[in-house]
Amino acid sequence: MNFDWSVVWHNAGALVEGTKLTVLLAVTTMAIAIPGGILLAVMRLSRVRVLAVASASFTELFRNLPLILVIYTAYYVMPVATGLSLSPVVTGIIALSLNVAAYNGETFRAGIASIRMGQSEAAYALGMTRWQTMRDVVLPQAVRRVLPVLASTWVSLFKDTSLVSVISVAELAYTSMRVRSQTFRVLEMLTAMAAIYWMLGYPQAKLVDWINRRYSVKE
Amino acid sequence: MDSAGFLLGGLELTLALSLLTMLSSLILGGAIGLARCYGPAWLRWPLVFYIDSMRSVPVFVVLVWTYFALPLLTGVILPPFWAALAALTAHVAAYVAEIVRAGVTSIRPGQSRAAFALGMSRSQAVRTIILPQAVVRMLPAFGSILSITIKDTAIAAVIAVPEYMNKSQTVAGQSFHPIEVFLVAMAVYFIILFPVTRVVDMIYARVAYLGRS
Amino acid sequence: MDTADPTTLRKGSSQAPVLVYRNVVKRFAGFVALAGVSAEVRKGEVVCLIGPSGSGKSTLLRCTNGLELIDDGEIMFDGELLPRDWEGMRRVRQRMGMVFQNFELFPHKTALGNVTIGPTTVLGLSREAAEKRARALLEKVGLADKAASYPSQLSGGEQQRVAIARALDMEPEVMLFDEPTSALDPETIGEVLNVMTQLAREGMTMIVVTHEMTFARLVGDWIVVMDRGAIIEQGPPKQIFEAPTVERTRDFLSHLGWSG
């Protein structure tokens, strides 16, 4: 049983590129899924039944589907549904965004609900409209309140980017697996993949713990 | 529609893998969680390291490493189902351990003090006073873990475990209607997961008042 | 259930009343909070609503600015019926100010930010104009130096004074106070009551739900005593506090340790 760990070093460039794409996927997805989540939460609280039901259905759907299935379905459905041939990266981002937006929708909904009724009443008493109240009084407080949860969601998202490797997006997992196939260095490459995710993920997990501690003392 | 029978076999495996994983994670995770709370001090740091590592690494990576790399290290070749079970258990147990720790530490210290004042030993206090209350608080979180476990079994498809996701891919590849196959898959998973989520929400609502202290 | 109403003695009785309540009924999930309340508020009057908890005082106040909609009866503001639609009521709310028991300052804004948010958002005032006006009001309530402070940095009494400034910045015709001092430490109650007294002297029409009987006695022009959703007695402070005609009023006042 001989192991050649130098293969990791020789392919470091590819692994770095893969890591960059992993980060890009996560950042782009969050950039879409945070406004998306806020939109879903506001829709859910709307007095317009159609919007509230649409939002609730969307959230229920994506909370109850495995992400890997959503990714595969997006890959096959999107070209047919839109008539465009989208790159795997874009398809992956769409699937991830739908998934994370649903979770964020729940997060923001709970955050908004946690803001005391009195805050809205004070705004109404000044003559503010419902939308002005949401925009200037409730949402700013709700967003601050749910930051710890959003941080946890970020860490999960970062890990979930590994799933888009199944539709050939060249992020870290795909790249590591590809080098493994090319070099036959299975243990070395897979361990390197695990180690890189660990090195990136461990500090993030610890940061989330810190954020949770700091924020729970505040209230 | 002979694919129906084929897919049904996959569904059986999905459920079997989910339930077995849940069972073994509860046992392993419960043990780790309790060891963290009540075990010797030297044990804590390796356990925390294990838990934090499982939080940091994707399930996909753990599955793939267990199936492809572990045999090269240990010489033991695990068939796909068992490799998946081992990997998923290792991963989920970390979350269970955290839930157990959070549940136990959420019980007011006054409760243990009252138990000791009555003359109970540490293990009696934990068994009869702390754990019953803590378990009630943990139930909603365990429900969430069940939901996550079922979803994670779908990832086992990539290491050739013939569960539902894997079989759907096979059928999709052979038929020329991948969209239909995946839409059916979405319906099947939704039908399994929706009740679990609903029951979890219901338990949250019931337990909320019990959990208040 | 009105007692004899010596209207000729009431302040502001030469003009039409600002607010008229006629047989106002409000129900909540099977229990009756207001069981046919009739009363008037005159311009420049300080009306104090007193009574035991659960008597409907706060409910009546909240129905006045539409935070609750009444189930039966009428409320007239400035001679017109209160609208039942949200947008119509919103416009009325701009003409009334409300001060809450829990202050309800917006924690993510400074004192100045809290005071300016009404005029800038609702009235469309520019930042500079709003800030100028806000600073003058903060000066008036004695908190000019706290303009840049956040609510978490202020004491209860200071927060409530900012809340009063916030309500005043909309230049309301009526100020509604919902137990403004109930959540305050005894040391800070005085500073808030002083601001309210000053407002009263300047001629603001005020409806105050309060347990501060000294304030009601000294600053109030008209006292309304409520119990279980109905007005059991109303009249000038001198009459209510020195010679209440209804048994329940006497009971209530004696329980508060009020000996006149």
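Lettering follows sequence order; numbering is per chain, from 1. Owing to the predicted nature of the structure, the values given are computational and were not obtained by experimental measurement.
Residue contact with chain B, scored on non-hydrogen atoms closer than 4.5 Å, involves the backbone and the side chain of A/R63 alike. Using a 4.5 Å cut-off between heavy atoms, B/M165 touches chain A through its side chain atoms alone. For A/Q204, no part lies under 4.5 angstrom from a heavy atom of chain B. Within the 4.5 angstrom heavy-atom criterion, atoms from both the backbone and the side chain of A/T191 approach chain B. Both the backbone and the side chain of A/L61 come within contact range of chain B, with heavy atoms under 4.5 Å apart. At a 4.5 Å heavy-atom cutoff, A/M189 makes no contact with chain B through either its backbone or its side chain. When heavy atoms are compared at a cutoff of 4.5 Å, A/V166 approaches chain B solely by way of its side chain, counted from C-beta outward. In this structure, the portion of B/V158 lying under 4.5 Å from any heavy atom of chain A is its side chain and not its backbone.
Considering every non-hydrogen atom in both A/V186 and B/F68, the closest pair reads CG1-O, 3.6 Å. Nearest approach of A/Y103 to B/K151, heavy atoms of both residues: OH-NZ, 2.7 Å.
Once rounded to the nearest 0.5 Å, the distance linking OG of B/S56 with NZ of A/K159 reads 7.0 Å.
Taking the six-membered ring where tryptophan is involved, the planes of A/Y76 and B/F182 are essentially parallel, since the angle between them stays under 30° and well short of 60°.
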Which is it for A/V155 and B/R55 under the side-chain contact (heavy atoms from CB on, under 4.5 Å) test, yes or no, and what are the steps along the way?
CA-CA 9 Å; A/V155 174; B/R55 284 169 64 201; over 6 Å; no
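Taking chain A as the reference chain and counting heavy-atom pairs below 4.5 Å, the highest number among B/V196, B/I155, B/I191 is found for B/I155.
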